[in-house]
Number of protein chains: 2
Amino acid sequence: MEVQTRHSTRRDAVLECLRKHHDHPTADMLYNEIRRDYPNISLGTVYRNLNFFVEHGEAVRIPVTDGQTRFDGNVKPHFHFRCSSCGALLDLNLEDERQLEESLDHPKTDFKGSITGYDLVFTGLCKDCLKKKKETA
Amino acid sequence: MEVQTRHSTRRDAVLECLRKHHDHPTADMLYNEIRRDYPNISLGTVYRNLNFFVEHGEAVRIPVTDGQTRFDGNVKPHFHFRCSSCGALLDLNLEDERQLEESLDHPKTDFKGSITGYDLVFTGLCKDCLKKKKETA
DNA sequence: ATAATTGCAAAGAGTTTGCACAGCA
DNA sequence: TGCTGTGCAAACTCTTTGCAATTAT
């Protein structure tokens with residue numbers, strides 16, 4: 001009862017575009033960019049394919065409390081930072097990644113369910129917004 | 001230029017109801033409960049007051065990738081768990097909280113902006129959903 | 001009296017979906 | 001030919017907002 005998936009230029013374009021960008025684009029950002037190559041692609045198709053990729057483990061949703069859902073084509077574990085001023089969503093390299101990953105992957109707890117993952121986004125001001133803030137202070 | 005805030009029974013009701021619950025309710029959950037005491041309160045008022053509390057540091061939004069925004073009246077740092085099956089959002093007690101908090105509060109990085117906080121939600125199956133899964137396996 | 005707060009309903013933003021058609025296997 | 005994927009637009013969900021009425025100070 002497997003559902004067959006079939007080759008499609010639109011789906012390829014969405015995944016390629018998602019992987020090309022490291023700014024964790026929204027569906028709308030991808031739509032506007034892909035439209036340059038496929039002028040009649042629809043926003044619905046972009047959403048459908050993004051959801052397809054998330055279901056098939058080829059992309060992840062990054063949770064944010066406001067605005068549109070951000071997608072990431074890099075499914076390897078890594079950390080994110082979100083600027084609370086401009087909304088930019090960036091990859092964040094930590095020096096003690098191994099240790100933090102260990103703590104997050106295997107949290108010590110008496111919780112009776114099963115913990116299989118986590119969503120983590122650091123917040124603050126990005127370089128540019130921090131600079132602007134200092135200038136106006 | 002300070003904006004005065006004025007006492008209001010509706011606002012009190014929203015905050016009281018939010019604090020009473022430890023299940024990180026949505027605006028709608030609160031609305032339906034508060035309506036029992038104030039039948040003509042509107043959903044807009046609930047949203048307005050929740051936003052007011054978030055702005056004034058009396059509540060926080062918990063980021064989730066799907067469904068409605070969850071609110072928490074407990075603004076002291078603590079950890080959350082979300083069941084990917086039933087959507088329940090629970091407080092999570094960890095045994096090594098101090099150490100993890102330290103790593104998260106002061107991440108070692110060469111990032112040029114300023115990191116001031118983080119959003120973290122552990123995911124997996126809650127006790128009940130884990131049980132159900134085992135039974136049907 | 002003055003301005004903050006509310007109820008109501010409409011508007012807005014983001015995302016999903018039904019349907020007929022296109023296109024891969 | 002089958003059935004998957006798409007474009008389009010409408011529907012849907014969640015949240016915000018304009019406005020006139022209400023209410024606290």
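Residue numbers start from 1 in every chain, and the chains themselves are labelled A, B, ... in the order their sequence lines are given, proteins ahead of strands.
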Report task. Can you run down the salt bridge (charged side-chain N to carboxylate O under 4.0 Å, His left out) pairs that involve residues 38-47 of chain A, sequence neighbours left out, and say none if there aren't any? Result -> none
Query raised in the report: Do B:E97 side-chain atoms and B:L94 backbone N/O form a donor-acceptor pair below 3.5 Å?
Result: yes
Query raised in the report: Would A:K132 and A:E135 pass as an ion pair if we require N to O under 4.0 Å?
Result: no
What pairs of donor and acceptor atoms, side-chain ones from residues 104-116 of chain A against any protein atom, are under 3.5 angstrom apart with sequence neighbours left out?
unit_1	atom_1	unit_2	atom_2	d
A:T109	OG1	A:F111	N	3.0
A:T109	OG1	B:N93	O	2.8
A:K112	NZ	A:D110	O	3.1

Report summary line: Applying ring pair (Phe, Tyr, Trp, His ring centres under 6.0 Å) to A:Y38 and not counting sequence neighbours gives none
**Report entry** Pair listing, side chain to side chain donor-acceptor pair (under 3.5 Å) test, anchored in residues 54-71 of chain B, at least two apart
**Finding:** B:N51-B:R61, B:D66-B:R82
Compile the donor-acceptor pairs under 3.5 Å between side chains in residues 118-130 of chain B and protein atoms, sequence neighbours left out, one pair per line.
unit_1	atom_1	unit_2	atom_2	d
B:T123	OG1	A:G117	O	3.3

Members of [range] that approach DNA chain C, where some heavy atom sits under 4.0 Å away:
range                     : value
residues 60-73 of chain B : none
residues 37-58 of chain A : A:L43, A:G44, A:Y47, A:R48, A:N51
residues 7-36 of chain A  : A:H7

Query raised in the report: Looking at CG of B:D91 and CG of B:L89, how far apart are the two atoms once the value is rounded to the nearest 0.5 Å?
Result: 8.0 Å
Query raised in the report: What's the spacing between B:L30 CG and B:T45 OG1 if we round to 0.5 Å?
Result: 13.0 Å
Requested in this report: Quick one: which residue pairs count as a ring-ring contact (aromatic ring centres under 6.0 Å, His included) with a foot in residues 9-37 of chain B, not counting sequence neighbours?
Outcome: B:H24-B:H80
Query raised in the report: Residues sharing A:V75's hydrophobic cluster, by side-chain heavy-atom contacts under 4.5 Å among ILVMFWY, directly or via others?
Result: A:V60
Query raised in the report: Who passes side chain to side chain donor-acceptor pair (under 3.5 Å) against A:R48, sequence neighbours left out?
Result: none
Report summary line: The bend of the helix from C:dA1-D:dT25 to C:dG23-D:dC3, taken between the axes of its five terminal pairs at each end and rounded to 10°, is 30°
Query raised in the report: Taking CZ from A:R6 and P from D:dC3, how many angstroms apart are they, rounded to a whole number?
Result: 9 Å
